[in-house]
Peer 1: 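There's a structure below that I have some questions on.
Proteins get letters first, then strands, A, B, ... in listed order; numbering begins at 1 in each.
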Amino acid sequence: MAPRFALVDVNNFYVSCERLYDPTLLGVPTVVLSNGDGCVVARSAEVKALGVRMGTPWHQMQDLVRQHGIQYRSSNYALYGDMSRRTMNVIGQFVARDDQEVYSIDESFLDLRRYPHADGAALGSQIRHRVAQWCGLPVCVGVGATRTLAKLANHLAKKRPGFGGVCDLTAMAARDFLDVAATVAVGDVWGIGGKLSAHLNSLGIHTVAQLTGTDPKRLRERLGVVVERTVRELQGIACQGLDVVEPRQQIIASRSFGEPVFSHEDLKAAVQTYVGRAAYKLRGQGSRAGTVKVWLETNRFRPQDPQYHPCAGVHLPNPSDDLAELTRAAGVVLARIYKDGYRYTKAGVLLEELADQTHVQGGLFDAAEASPRRQALMATLDRIHARFGRTEVGMGHAGVKETKGWTMRRGRLSPAYTTDWAQLLVVEA
DNA sequence: TCTGGGGTCCTAGGACCC
DNA sequence: TCTGGGGTCCTAGGACCC
């Protein structure tokens, strides 16, 4: 059966979620800001039309904000995560369970090879209609013979109004495809970012049509196997299927601080909080970590400041998911890399060498396996975390209220409308 | 004054082994 | 004075994605 993929993607996902519960934002230029209200991570169509780029620092666009009355919201991941789950469930209704891959918070691939008679455009329209009606969110659908082509189709469905939100490249004549592809820049292809784009341009390859016509083997010599595969996928040869969801291979928890931090004590409090978050995710996927790494950052955007970006880690004698052990390990690393006299702006914790809980090998000199009491304590922590949110209970200094300086800014956070009884939407009669 | 956070995969080079 | 060749594993760093 000929491979065929669909990619369903929510338009301006975070902004669309905010608008769903606050209709005063409809038609108004709106952005959602990153953690700490640092920079723009989602833009409404009106803001995109003003030429605001993804990742623009918020403080750099204040003139534009005043001029055009741009509204902003702080990131509300409780809301986006829940809306994502609902949306993915609705999209998944159109295929068997094994034929859906949730690729990111706002995108899902569907493997259509088991539905050779389904009309791509009609299917796309149905999905659009149902997600709009059941979730209140706008999506676009792209269909192609490979995942890369489905991505490209989705890009066209979004950018070219003529497609009406659905683009099926498998229904397009080869000539028509090349005509369209000649109008799309290589940088718009999935897997071709800024660096590779510049490199391709220097080789005289500017459009998707040109890239599609290039010999993949020649490109491999210069640019590596990733680009080779991308070109083959553009040529219609599937190099990647649907990915099975594997447990993560690394878990990161990090934040920029609300204000700069100088002392070992404050850094310790921050790092302990991040360990708590990482350990929660770790246990959530049923893994244990073999390595704990910690890194610190000063402000890279102020070259006049003394810079220091250390990163170090420790191997644990045995992979662990125990918060006390992980916290102790992180503390040891932090003490090793901490140096006085720097203006720290960010810290992070990285758990690596993740192993399945059931496949952990006992060491020769271990104390007995983690005691049942200890495991019960961890399970209780996880329940508290799930019920009350991240910072209520922790280890050591984690979450102590007085050490406020490093906690992040969230100036305009919308309520967790769908995940917290206390924050339900109120409709005035 | 203010510039996100969490991931994946690939590659090159060094260490080590036989 | 002369000093192999081939393989694996690990790590750091780069590029990309959302």
Side-chain angles (χ1 to χ4, degrees), chain A residues 7 9-14 31-43 52-62 65 72 74-77 80-81 84 101-109 147-148 151 154-155 186-200 220-230 239-240 243-260 274 277-278 281-282 285 290-291 293 295 297-305 309-313 315 343 345-354 408-411:
Chain A
L7 176 66
D9 182 320
V10 184
N11 305 345
N12 319 324
F13 180 53
Y14 297 170
V31 298
V32 172
L33 300 181
S34 64
N35 275 324
D37 291 345
C39 52
V40 172
V41 292
R43 305 154 293 162
V52 175
R53 305 271 302 256
M54 185 76 168
T56 304
W58 177 235
H59 70 92
Q60 279 177 13
M61 52 182 284
Q62 291 311 303
V65 169
Y72 81 95
S74 307
S75 299
N76 182 349
Y77 289 103
Y80 312 147
S84 171
E101 175 194 348
V102 175
Y103 177 71
S104 75
I105 195 165
D106 71 332
E107 284 172 279
S108 179
F109 280 106
R147 302 218 306 171
T148 304
K151 270 279 201 181
N154 188 279
H155 173 83
V186 284
D188 290 330
V189 173
W190 191 37
I192 308 292
K195 296 278 159 80
L196 287 172
S197 196
H199 210 130
L200 287 168
R220 178 182 188 145
E221 288 161 24
R222 288 164 171 267
L223 299 173
V225 66
V226 179
V227 174
E228 181 193 13
R229 282 206 284 254
T230 296
C239 303
Q240 4 166 3
D243 280 345
V244 196
V245 180
E246 303 278 359
R248 308 232 168 277
Q249 298 173 36
Q250 53 175 218
I251 289 172
I252 296 176
S254 75
R255 284 284 181 278
S256 297
F257 303 138
E259 11 184 289
Y274 304 160
R277 209 139 63 210
K281 291 191 224 173
L282 181 74
Q285 71 166 31
T291 295
K293 283 184 181 162
W295 79 90
E297 285 182 34
T298 49
N299 191 342
R300 294 169 190 275
F301 300 97
R302 287 172 43 122
Q304 68 272 30
D305 280 9
H309 305 127
C311 173
H315 285 279
R343 194 172 175 274
T345 53
K346 181 176 179 176
V349 171
L350 181 55
L351 303 181
E352 287 183 330
E353 292 172 9
L354 307 188
M408 69 177 176
R409 275 185 300 272
R410 291 206 287 192

Peer 1: A:Ala253: what forms a side-chain contact (heavy atoms from CB on, under 4.5 Å) with it, not counting sequence neighbours?
Peer 2: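 Result, side-chain contact (heavy atoms from CB on, under 4.5 Å) vs A:Ala253: A:Tyr274, A:Arg277, A:Ala278.
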Peer 1: For the pair A:Arg409 (side chain) and A:Gly258 (backbone), establish whether a donor and an acceptor sit closer than 3.5 Å, ignoring hydrogens and angles.
Peer 2: yes
Peer 1: Looking at every strand, decide which applies to A:Arg302 at a 4.0 Å heavy-atom threshold: base, sugar-phosphate, or nothing.
Peer 2: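 The residue A:Arg302 makes sugar-phosphate contact but no base contact.
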Peer 1: At under 4.0 Å between heavy atoms, what does A:Leu33 touch on the DNA or RNA strands: base, sugar-phosphate, or nothing?
Peer 2: nothing
Peer 1: If we ignore hydrogens and angles and just use 3.5 Å, is the side chain of A:Lys281 paired with the main-chain N or O of A:Ile252 as donor and acceptor?
Peer 2: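 Side chain of A:Lys281 to backbone of A:Ile252: a pair is present.
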Peer 1: For A:Arg343, answer base if it contacts any base atom (sugar-phosphate contacts may also be present), sugar-phosphate if it contacts only those atoms, and nothing otherwise; contact means non-hydrogen atoms under 4.0 Å.
Peer 2: sugar-phosphate
Peer 1: Under the side chain to side chain donor-acceptor pair (under 3.5 Å) test, which residues partner A:Ser254, sequence neighbours left out?
Peer 2: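 Partners of A:Ser254 under the side chain to side chain donor-acceptor pair (under 3.5 Å) test: none.
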Peer 1: Among all residues two or more places apart in sequence or in another chain, which pass the salt bridge (Lys or Arg N to Asp or Glu O under 4.0 Å) test with A:Arg302?
Peer 2: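 For A:Arg302, the residues satisfying salt bridge (Lys or Arg N to Asp or Glu O under 4.0 Å) (neighbours in sequence not counted) are A:Asp305.
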Peer 1: Does either side chain, that of A:Ser74 or that of A:Asp37, offer a donor lying less than 3.5 Å from an acceptor on the other one?
Peer 2: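 Per modelled atom types, A:Ser74 and A:Asp37 side chains form a pair under 3.5 Å.
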Peer 1: Show me the side-chain donor-acceptor pairs of residues 102-109 of chain A shorter than 3.5 Å, one per line, residues at least two apart or across chains.
Peer 2:
residue  : atom : partner  : partner atom : Å
A:Ser104 : OG   : A:Asp106 : N            : 3.3
A:Ser104 : OG   : A:Asp106 : OD1          : 3.0
A:Ser104 : OG   : A:Glu107 : N            : 3.4
A:Ser104 : OG   : A:Glu107 : OE1          : 3.0
A:Glu107 : OE2  : A:Lys151 : NZ           : 2.5
A:Ser108 : OG   : A:Gln100 : NE2          : 3.1
A:Ser108 : OG   : A:Glu101 : O            : 3.3

Peer 1: How would you label the contact of A:Gln249 with the nucleic acid (heavy atoms, under 4.0 Å): base, sugar-phosphate, or nothing?
Peer 2: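 Sugar-phosphate contact only - A:Gln249 comes under 4.0 Å of backbone atoms but never of a base.
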Peer 1: Listed by chain and number, what are the ring pair (Phe, Tyr, Trp, His ring centres under 6.0 Å) partners of A:Phe13, not counting sequence neighbours?
Peer 2: none
Peer 1: If you measure from the C1' atom in B:dC16 to the same atom in C:dG4, how many Å do you get, rounded?
Peer 2: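 Here B:dC16 and C:dG4 have their C1' atoms 15 Å from each other.
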Peer 1: Can you list everything that forms a side chain to side chain donor-acceptor pair (under 3.5 Å) with A:Lys293? Sequence neighbours excluded, please.
Peer 2: A:Glu352
Peer 1: Looking at every strand, decide which applies to A:Arg248 at a 4.0 Å heavy-atom threshold: base, sugar-phosphate, or nothing.
Peer 2: sugar-phosphate
Peer 1: Which part of the nucleic acid does A:Asp106 contact within heavy-atom distance under 4.0 Å: base, sugar-phosphate only, or nothing?
Peer 2: sugar-phosphate
Peer 1: So what does A:Tyr103 hit on the nucleic acid, given a heavy-atom distance under 4.0 Å: a base, only sugar-phosphate, or nothing?
Peer 2: sugar-phosphate
Peer 1: Identify whether any heavy atom of A:Gly193 sits under 4.0 Å from a base atom; if not, whether one sits that close to sugar-phosphate; answer base, sugar-phosphate or nothing.
Peer 2: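 Here A:Gly193 touches the backbone only, sparing every base.
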Peer 1: Give A:Leu196 one of three labels, base, sugar-phosphate or nothing, depending on what nucleic acid heavy atoms sit under 4.0 Å from its own.
Peer 2: sugar-phosphate
Peer 1: Can you give the first and last nucleotides of DNA chain B, 5' to 3', that have an atom under 4.0 Å from a heavy atom of chain A?
Peer 2: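 Listed 5' to 3', the contact boundaries are B:dC2 to B:dT11.
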Peer 1: NA contact type, A:Glu107, heavy-atom cut-off 4.0 Å: base, sugar-phosphate, or nothing?
Peer 2: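 Result for A:Glu107 = sugar-phosphate.
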Peer 1: Please classify the nucleic acid contact of A:Trp58 as base, sugar-phosphate, or nothing, using heavy-atom distances under 4.0 Å.
Peer 2: nothing
Peer 1: Could you tell me whether A:Gly194 contacts a base, only the sugar-phosphate backbone, or nothing, with contacts defined as non-hydrogen atoms closer than 4.0 Å?
Peer 2: sugar-phosphate
Peer 1: How does DNA chain C look in dot-bracket form if you count Watson-Crick and G-U pairs under 3.5 Å, write [ ] for pairs that cross, and put | where a base pairs with another strand?
Peer 2: ....||||||||||||||
Peer 1: In terms of the nearest nucleotide of DNA chain B, which residue is placed more toward the 5' end: A:Phe257 or A:Gly224?
Peer 2: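 It is A:Phe257 whose nearest nucleotide is closer to the 5' end.
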Peer 1: Going by the rule salt bridge (Lys or Arg N to Asp or Glu O under 4.0 Å), which residues pair with A:Asp243 if we only count those two or more places apart in sequence or in a different chain?
Peer 2: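 Partners of A:Asp243 by the salt bridge (Lys or Arg N to Asp or Glu O under 4.0 Å) criterion, ordered by chain and then number, come out as A:Arg147.
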Peer 1: Select base, sugar-phosphate, or nothing to describe what A:Val189 touches, counting heavy atoms under 4.0 Å on all strands.
Peer 2: sugar-phosphate
Peer 1: More 5' along DNA chain B: A:Ser256 or A:Glu246, using each one's nearest nucleotide?
Peer 2: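 Comparing both residues, the 5'-ward one is A:Ser256.
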